[in-house]
Protein chains: 2
Amino acid sequence: MTSATSKAVFPLHDDFVPRVARWFHALSDETRLRIVDRLSDGEKCVCDLTDLLDAAQSRLSFHLKTLKDAGILKDRRDGRWVYYYLNPAVVEDLTQFVCSLTACCQKLNKEVSSCCE
Amino acid sequence: MTSATSKAVFPLHDDFVPRVARWFHALSDETRLRIVDRLSDGEKCVCDLTDLLDAAQSRLSFHLKTLKDAGILKDRRDGRWVYYYLNPAVVEDLTQFVCSLTACCQKLNKEVSSCCE
DNA sequence: TCGACTCATCAAGATTCATTGATGGAAAGA
DNA sequence: TCTTTCCATCAATGAATCTTGATGAGTCGA
């Protein structure tokens with residue numbers, strides 16, 4: 001038994017659907033995926049990301065806010081700089097959702113196996 | 001070692017980003033999430049879904065096409081009916097992506113553990 | 001205090017997306 | 001053949017989203 005199957009995800013609870021939709025929407029944009037990609041090896045400030053992604057500051061600020069509002073990212077201020085980083089709790093919630101869906105697929109295929117194995 | 005960590009997902013390959021963005025976009029809409037939810041226990045035809053979700057047929061057709069174009073769903077015709085069902089291959093690719101992201105989070109937190117455990 | 005730097009926010013414009021109702025094709029029974 | 005059922009597609013409308021450039025708040029060093 002893995003954590004991914006420890007809660008009943010499907011069928012979805014009505015209250016859960018909007019939250020999940022926001023996670024997926026936050027990750028549905030290429031710029032935001034590239035932000036997440038850059039943060040996958042550690043936190044970055046906005047000016048780091050403008051350099052790494054060659055994108056305007058206001059544009060990144062918009063996307064960072066979108067990711068933060070969805071819970072995917074968190075931020076912390078250090079002097080002039082604001083550092084953004086992945087929010088492990090929400091990333092794990094998202095992972096559990098997707099792993100549960102995989103488990104459903106496997107069950108439908110009459111395979112007896114658990115997530116990520 | 002799990003399958004989720006068997007390939008290097010991060011940093012993302014440029015060619016991979018648009019494909020991933022389409023997965024997430026397909027799942028970023030509440031109606032489409034509810035469709036996936038209903039299909040999590042097996043294939044359904046469009047008229048089943050119009051009843052289950054109380055949605056107009058053209059509306060569902062639009063969303064089913066979006067999910068199918070992203071690879072999340074596949075369909076098969078049986079007489080008059082078209083049955084839609086989850087595409088296990090893409091669901092597993094998506095699972096690997098988010099499991100890899102979780103693994104990155106865990107590594108950043110100096111924890112030595114693998115996906116979904 | 002002044003200027004430089006980092007970043008969030010705003011308004012405007014363009015693009016994309018979701019919904020609706022109408023139309024037509026394909027399949028199957030009468 | 002005619003009709004019904006199931007479904008995809010289209011056009012039109014409105015809503016949501018993304019980008020850009022400008023503005024301003026907060027921080028820090030000179």
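Keep in mind the model is a prediction, meaning the values are calculated, not measured. Reminder, nothing fancy here: chain letters follow the sequence lines and each chain counts from 1.
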Interatomic distance where [atom1] belongs to [X] and [atom2] belongs to [N] [whole Å]:
X	N	atom1	atom2	value
A:K44	C:dT6	NZ	C1'	18 Å
A:D75	C:dC7	CG	P	11 Å
B:L67	C:dA18	CG	P	10 Å
A:L49	C:dT6	CG	C1'	13 Å
B:Q57	C:dA22	CD	P	13 Å
B:L64	C:dA18	CG	P	13 Å
B:R59	C:dT20	CZ	P	6 Å

Closest non-hydrogen atom pair, B:A70 against B:R22 =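 Taking B:A70 first and B:R22 second, the nearest heavy atoms are CB-O, 3.5 Å.
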What pair of heavy atoms forms the shortest contact from A:S40 to B:L101, and how long is it?
->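 Closest approach of A:S40 to B:L101: CB-CD1, 4.5 Å.
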Could you tell me whether [X] and [Y] make a salt bridge, using a distance below 4.0 angstrom between a side-chain N and a carboxylate O?
X	Y	result
B:R34	A:D14	yes
A:D37	A:R32	no
A:D93	A:R19	yes

Do B:L60 and B:Y84 come close enough that some side-chain heavy atom pair is under 4.5 Å?
->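 No, every pair of side-chain atoms sits at 4.5 Å or beyond.
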For the ring pair B:F10 and B:F16, is the centre-to-centre distance below 6.0 Å?
->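 Ring centroids of B:F10 and B:F16 are no less than 6.0 Å from each other.
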Using a cut-off of 6.0 Å, state whether more than 12 heavy atoms not belonging to B:D51 lie near its atom CG.
->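 Atom CG in B:D51 is packed in, count exceeds 12.
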When you measure from every atom of DNA chain C, which of residues 77-86 of chain A have a heavy atom less than 4.0 Å away?
->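 The answer is A:R80, A:W81, A:V82, A:Y84.
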Any idea which of C:dC7, C:dA8, C:dA18 is nearest the B:F62 side chain?
->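 Out of C:dC7, C:dA8, C:dA18, the nucleotide with an atom closest to B:F62's side chain is C:dA18.
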In terms of side-chain heavy atoms, does B:S28 have a donor or acceptor partner in A:S28 at a distance below 3.5 Å?
->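 No, no side-chain donor-acceptor contact under 3.5 Å.
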For DNA chain D, note the earliest and the latest nucleotide, 5' to 3', having some atom under 4.0 Å of a heavy atom belonging to chain B.
->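 So the contact region on DNA chain D extends D:dT4 to D:dT9.
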Verify the contact: side-chain N or O of B:H63 to OP1 or OP2 of C:dT19, cut-off strictly under 4.0 Å; return yes or no.
->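 The answer is yes; a side-chain N or O of B:H63 sits under 4.0 Å from OP1 or OP2.
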Nearest-nucleotide 5' precedence on DNA chain D, A:H25 against B:L60 |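 It is B:L60 whose nearest nucleotide is closer to the 5' end.
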